[in-house]
There are 2 protein chains.
Amino acid sequence: MTKTTLKDIAKALNTTIATVSRALHDKPEISDSMKNRVKEVANLYSYKPNATALSLKFQKSYRIGVIFPKLSHYYVTQILSGMLIEAGKNGYKMLIAESNYNQFKELEYIKEFYELNVDAILILPSRKLSLVKDKLENLIRDDIPFLIIDRIIKFDQKTVPSIASDDYGGTTEGIKHLIDNGYKKIAHLRGEESSTLANVRYYAYRDCLLKNNMELNPDWVILCNKFNKAEGEALAIRLMSLENRPDAIFCISDVVAVGVLSGLKKAGIRVPEDVAVLGFSNSDLAEVCYPTLSSIHQPGVAIGKKSIRLLLSNINMKKNISRENIVMKTKVIVRESTSRIALSGTNSFRT
Amino acid sequence: MTKTTLKDIAKALNTTIATVSRALHDKPEISDSMKNRVKEVANLYSYKPNATALSLKFQKSYRIGVIFPKLSHYYVTQILSGMLIEAGKNGYKMLIAESNYNQFKELEYIKEFYELNVDAILILPSRKLSLVKDKLENLIRDDIPFLIIDRIIKFDQKTVPSIASDDYGGTTEGIKHLIDNGYKKIAHLRGEESSTLANVRYYAYRDCLLKNNMELNPDWVILCNKFNKAEGEALAIRLMSLENRPDAIFCISDVVAVGVLSGLKKAGIRVPEDVAVLGFSNSDLAEVCYPTLSSIHQPGVAIGKKSIRLLLSNINMKKNISRENIVMKTKVIVRESTSRIALSGTNSFRT
DNA sequence: TTGTATGCGTTATCAA
DNA sequence: TTGATAACGCATACAA
C-alpha cells in the first residue's frame, strides 16, 4: 500500500537501483532480458517515479501557480478552465490562490509560490496591486516566467509580459452597435479612475462618441464602486431622473447591467424600446436575466490557454517573452437588451 | 537571483550546512553568536528553505488535490473558496483538476495526484464515477485521506468519508414552503435516475407531498438531462400544456429554474401569481433573474472549510475519519418566485 | 552490460 | 558547540 521505489524493485531482482532506473528508461546499454524482468516487477508493483524526487533532481516542479481576486466570477473561472486544459495537455498542474482583492495577499502568495518552486506564476491582479508596484517589482524573479493577466502594470526597471482582452476594441464595437441601432444618448456606468481597466473602457466610450459626433454628457458618466446589482439599480434610477435622460446605458460589468435592468423595470422603463443596456464580459448572467443582456465578450478560455502556451514557450524553448503584451479579440454579443427589432433567438456564443 | 541554499550560507560563514540548519531552527546546542551570524546572512540572502527538499525529506507535500466536474458552476467555486481559506490558514496549497464530468478523467486525476504526493485528495464526483466504482475502490489508498464531496459512493470493501449538503432536509423545507404559500399542485423537474443526488431530492419531494396529502401526479415529474436554460424553458411549456396543470415547479437546479421562468413568461403565465418556481443551490443566478428566484441554499463555503478541517484532523491528529459522513444544513431562501404576497426586499443570504 | 558514487536541499544521527 | 554523513528517491557520470 505504501509507494514502491526503485529500491524495492532492485531488491526484488537482486540488482541495483541504477540498473532498474536505466531499464525503465529503455537505455540501450541494458540487456533485453533485464529490461523485461525489471518492467515486469515494476508493473507488478505498479511503480511510479516519485514526482517530488524528480522535482528536486531536475529543479523543475511541473507546477504553475495562479493568483486571482475571486473565484466566483465567471470570467475568472473561464480563464482558469483554459489554463487547466492547456496545462494538462503539457503535463503541468495548477496551484491556486485567491487574493480577495487584497494587494498584500497577492504579494504574499507570489512569495509563497516562489518558495514552492513553481515553474511559472500567473496573476490576475487586483486594481490595488499597482499601489505596491515597487514591492512587486522587487519580488519578481527573472528566472521564472511571470505573466500578468487582464491588466497592464508598468515597472521602472523590469518588463513583464501581459495578456488581456481588447477592451478598447470591444467597447468601440459595442458603442457603435448602440449607435447603429439608433440610440443617441449613451450613458456609461464606469469603474474607478485608478483602474486602468476602467479607464480604457471609458476612453473607448468617449472616443467613439466624439468620432461619431454624439452627445457626450458628463451627467451620463457615473462612477461605480460596489459593482453589485443594488448599485446598478440605484444608478439607473438616478440616470432616469435626469432632465436630459440617456437612451442607452453602457455598464462596466454584467452584474451592474443586471442591476440597471432591474432599476429600469422599477422605473417603468422598457428595455430595449426606451433604453438599451449593454454589459461587459458576457458572463453567464447575460443569458439568464430578463431581457437577455447584450454584452461584450471577453475570451476567457482563450486567454487562459494562450497564457499557458506563452509561458511554455519560455520554459521549453527559452523564448524571451518579457516584452510580449498580448491582446485578445473581443466581440459584441447582441441579445435582447439592445435590439429594438426583436431577435428570433438568443445568441449563445461563448468560448 | 537564484535561490540561496544552506550551502551558500555555510560557505559565506565558513561553517557547515548542519550548523546553519540548526542555527536557523534555534536549536539549543548552537551558540548565540553563531545563531546571530547565521541569521544575519540568511536574512541578507533572504534564505527560504526549499519546499521540494522538505517534501522529499518528510514525505509530506503540504499540497491537497481537488477534482471537480466544472469550475464555472457557482456552487463549485463556493466550495473551492471555502477550501482555499481553510487550507491557507494551515499552510496548505491546493492543486486543482477539472474532470468535465468524465469518469475516466476523474480516475486519471486521482492517480496523478497520488503520484504528485499530495497529502489528501478531495473529489466532487460526476454522476458517472459510480460506473467505475470498482476501479475507483482499487485506486484509493488507505494512507492518504480521500474525501468525497456532495455525493455518496458505497464501496464493497472500503469505507470512504463524505460530506454533503442536506438535500433531503432542504427539499422538504422547500416543498413545505410551497405548500404553506398555498400552492397545491407541485411539479418537479428532476435529474437522472442513476444519480443519487437527483434521487434524494425526488424522494424528499415525494415524501413531503405524501405526508401532506398532496396530489402526486406522475405527469408532473419530468427528467432533465441537459440541465440548461433551454431545457427548463421547453419543459415548462410542456407542463403548462397539460390538461391538469401544476401551480408550482420545483427544479433540480437554478439554471433549469431560470429556463422555467423564461418558458412561463413565453406562455403568458405569471410568476408567482399563477405558478411558483423553486430552484436548487441558491447560485448567483437566483438574484439576477426576473422575478428573483427562491432557491434552496447549499452551504458551499462551509462545506469547503469543513472538508479541509476533516482532512487535517486525520493528517495532524491521526483521527480515523473513514466513517464520517457529514451532512451540512441547507436553507430555503425565499425570493419573489414563490411569494404571492410581494416581498419588500430581496433576501441576500449567502455564505 | 551492470555496479558505485554523486548530487539535488534538507534534517537528524553520530562523532568529535 | 560544531562537523561529517546518512537518508529521502531519482538520474547519471564514471568505474568495472
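Throughout, a chain's letter reflects where its sequence line sits, starting with A, and its residues are numbered from 1.
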- Nucleotides bounding contact with chain A, strand DNA chain D, heavy-atom threshold 4.0 Å: D/dC8 to D/dC14
- Message: With a cut-off of less than 4.0 Å, is there a side-chain N or O of B/K3 near OP1 or OP2 of C/dG9?
- Response: no
- Of the residues in residues 18-27 of chain A, which ones touch DNA chain C at a heavy-atom distance under 4.0 Å? A/A18, A/T19, A/R22
- Considering residues at least two apart in sequence or located in another chain, which fulfil the side-chain hydrogen bond (donor to acceptor under 3.5 Å, both in side chains) criterion with A/N36? none
- Message: Check this for me, if you would: do B/K89 and B/E86 make a salt bridge, where the nitrogen-to-carboxylate-oxygen distance has to be below 4.0 angstrom?
- Response: yes
- Task: Compute the angle between the rotation axes at the two ends of the helix from C/dT1-D/dA16 to C/dA16-D/dT1, each taken over five pairs, rounded to 10 degrees.
- Result: 70°
- How is B/S31 classified with respect to the nucleic acid when contacts are heavy atoms under 4.0 Å: base, sugar-phosphate, or nothing? sugar-phosphate
- Task: Give, ordered by number, those residues of residues 37-49 of chain A having at least one heavy-atom distance below 4.0 Å to an atom of DNA chain D; if nothing qualifies, reply none.
- Result: A/Y47, A/K48, A/P49
- Item | Nearest-angstrom distance from the residue atom NZ of B/K7 to P of C/dT6 | 13 Å
- Task: Check DNA chain D against residues 50-59 of chain A and give the residues with a non-hydrogen atom under 4.0 Å, in numerical order.
- Result: A/N50, A/A53, A/L54, A/K57, A/F58
- Is the backbone N or O of A/I64 less than 3.5 Å from a side-chain atom of A/D119, with the two atoms forming a donor-acceptor pair by type? no
- Query: Is the shortest distance from a Lys or Arg side-chain nitrogen in A/K39 or A/D26 to a carboxylate oxygen in the other one below 4.0 Å?
  - Reply: yes
- Can B/E324 and B/K319 be counted as an ion pair, charged N to O under 4.0 angstrom? yes
- Task: Identify whether NZ of Lys or CZ of Arg in A/K60 sits under 6.0 Å from the centre of the six-membered ring of A/Y62 and within 45° of that ring's axis.
- Result: yes
- Lys NZ or Arg CZ of A/K93 over B/F113 ring: under 6.0 Å, within 45°: yes
- Note on the structure: Whole-Å distance, B/E29 CD to C/dA15 P, equals 16 Å
- Query: Touch check for A/L6, heavy atoms < 4.0 angstrom, all strands: base, sugar-phosphate only, or nothing?
  - Reply: sugar-phosphate
